[in-house]
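Report on the structure given below.
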Amino acid sequence: MKAKEFDNKFESGEDITDDLDLSQAKRPGHTSKRVNVDFPEWMIKMLDRESKRLGITRQSIIKVWIAEKLKEATQ
């Protein structure tokens, strides 16, 4: 498919996902970097209780809460 055909298909609102190779797609600014953090035992117990209640992992709840706090701080 030529670029002009692709552009026309996109601009007309047609589904172009079958025309894309998403196997190598990356989201800029979303690469991960491992960070080790030591938490007191009481905090781990509370995190585990809350993550179980929400049905998500401990790591997920930590990431969500930190992201929320960072967004608040930048507003």
Side-chain angles (χ1 to χ4, degrees):
M1 173 180 297
K2 297 188 183 230
K4 187 156 183 75
E5 293 173 58
F6 182 83
D7 289 344
N8 289 336
K9 191 174 180 180
F10 174 78
E11 289 171 3
S12 68
E14 291 182 54
D15 185 2
I16 59 168
T17 52
D18 290 337
D19 301 313
L20 301 173
D21 176 11
L22 301 176
S23 64
Q24 300 292 320
K26 296 180 183 172
R27 292 177 64 193
H30 285 81
T31 56
S32 294
K33 184 172 182 175
R34 183 170 299 277
V35 176
N36 295 319
V37 179
D38 295 324
F39 292 106
E41 203 172 310
W42 66 267
M43 200 178 291
I44 296 294
K45 288 179 183 177
M46 291 181 77
L47 283 166
D48 288 344
R49 213 173 333 172
E50 188 64 10
S51 65
K52 185 176 181 179
R53 184 182 75 78
L54 296 172
I56 60 175
T57 64
R58 180 194 301 159
Q59 181 176 338
S60 293
I61 200 165
I62 291 169
K63 288 197 278 188
V64 167
W65 285 353
I66 289 173
E68 287 174 355
K69 196 65 175 175
L70 290 170
K71 284 180 184 176
E72 286 176 17
T74 58
Q75 293 176 352

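Just so you know, these numbers come straight off a predicted model, no measurement behind them.
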Using side chain to side chain donor-acceptor pair (under 3.5 Å), reason through E14 and S12 one step at a time and then give a plain yes or no.
CA-CA 6 Å; E14 291 182 54; S12 68; 3.2 Å; yes
Worked check of salt bridge (charged side-chain N to carboxylate O under 4.0 Å, His left out) between K71 and E68
CA-CA 5 Å; K71 284 180 184 176; E68 287 174 355; over 6 Å; no
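Shown here is E5, whose CD atom has more than 12 heavy atoms of other residues, nucleotides or ligands within 6.0 Å. Other residues, nucleotides and ligands place more than 12 heavy atoms under 6.0 Å from the CZ atom of F6.
The nearest pair of heavy atoms linking I61 to S51 is CD1-N, 3.9 Å. Closest of all the heavy-atom pairs between D15 and K9 is O-CE, 3.5 Å.
Contact annotation: the side chain of I44 approaches that of R58 to within less than 4.5 Å [non-hydrogen atoms, C-beta and beyond]. Within the 4.5 Å cutoff, no side-chain heavy atoms of E50 are placed close to those of M46. The shortest distance between side-chain heavy atoms of W42 and K45 does not fall below 4.5 Å.
Considering CE of M1 and CG of D7, their distance stands at 10.0 Å, rounded to 0.5 Å. The NZ atom of K63 sits 10.5 Å away from atom CD1 of I56, with the distance rounded to the nearest 0.5 Å.
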